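A quick write-up on the structure given underneath.
Read the numbers this way: they start at 1 and go in the same order the structure lists the ligands and their atoms. This one's a predicted model, so the numbers in the text were calculated from it and none came from an experiment. One-based numbering along the sequence shown.
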Amino acid sequence: MNAKSDTNLAPYSYFNAVFTRLAIVMFSSDGWKDTIAFVEETREFVCSLATWDLRTQVNATSAPHPRGINEMREAGLDPAPCVLVRPPRVKASPCALECRWLQTVRLRDLDGAEVDAHVAFGQVVGVHIDDRFIKDGLVDTAAMRPIARAGYHDYFVATSDTRFSLRRP
Ligand SMILES: Cc1cc2nc3c(=O)[nH]c(=O)nc-3n(C[C@H](O)[C@H](O)[C@H](O)COP(=O)(O)O)c2cc1C
């Protein structure tokens, strides 16, 4: 969402959690796009989990719409209000992170020249998890069937069949 309350939604696979004691997440904008511009304008953003059930809509929101067009509505997705930040989350997504922007790092190449990559970091201030995916007090991530981009036009879907556990040494 920007200062005019225009809502913006797009898939970002360059996304990760980067700190544990505080929940800090990042996404990287490959070029200066609306999402990073809106985040810097309002200092808030929301990450809604992309899932198998939402795959068509996730892809639809990557269309290069002009600013002011609400990609969430265009993709047929309903918003749901957040609690601590103004931008909405995707109602149909089983998990969403309410984030407050911390900083953006402009990346440089080996010669020290700036490249058009903008990595935004945000602190998670609120977490939404659909109660249907809490089992015995734990989040059943596999049941949400999250999807991951695999390059080309390919994706992976995480399911309970592909889940495995390892104890750390
Ligand atoms: C699955 C998927 C993942 C994507 N991940 C990224 C990403 O990590 N960074 C990026 O800059 N663009 C990514 N894109 C492209 C953006 O979603 C696309 O440029 C979109 O129009 C940006 O919207 P915005 O201008 O509203 O931010 C991805 C597209 C798809 C389909």
Legend entry - Close aromatic pair by centroid cut-off 6.0 Å: Phe27 and Phe15: no

Inset, instruction - Taking side chain to side chain donor-acceptor pair (under 3.5 Å) as the test, write out the residues that go with Ser62, two or more places apart. - result: none

Legend entry - side-chain hydrogen bond (donor to acceptor under 3.5 Å, both in side chains) partners of residues 18-31, not counting sequence neighbours, each pair once: none

Legend entry - Residues in contact with ligand 1, criterion: heavy atom under 4.0 Å: Asn8, Ala10, Pro11, Tyr12, Ser13, Tyr14, Ser28, Ser29, Asp30, Lys33, Asp34, Thr35, Asn59, Ser62, Ala63, Glu71, Arg149, Tyr155

Inset, instruction - Would you list the pairs meeting salt bridge (Lys or Arg N to Asp or Glu O under 4.0 Å) in which at least one residue belongs to residues 145-164, sequence neighbours left out? - result: Asp53-Arg145, Asp140-Arg163

Inset, instruction - Working to the nearest 0.5 Å, report the span between CG of Asp6 and CD of Glu71. - result: 10.0 Å

Inset, instruction - Count the heavy atoms of every other residue, nucleotide or ligand shown that sit under 6.0 Å from CZ of Phe156, and state whether that count exceeds 12. - result: no

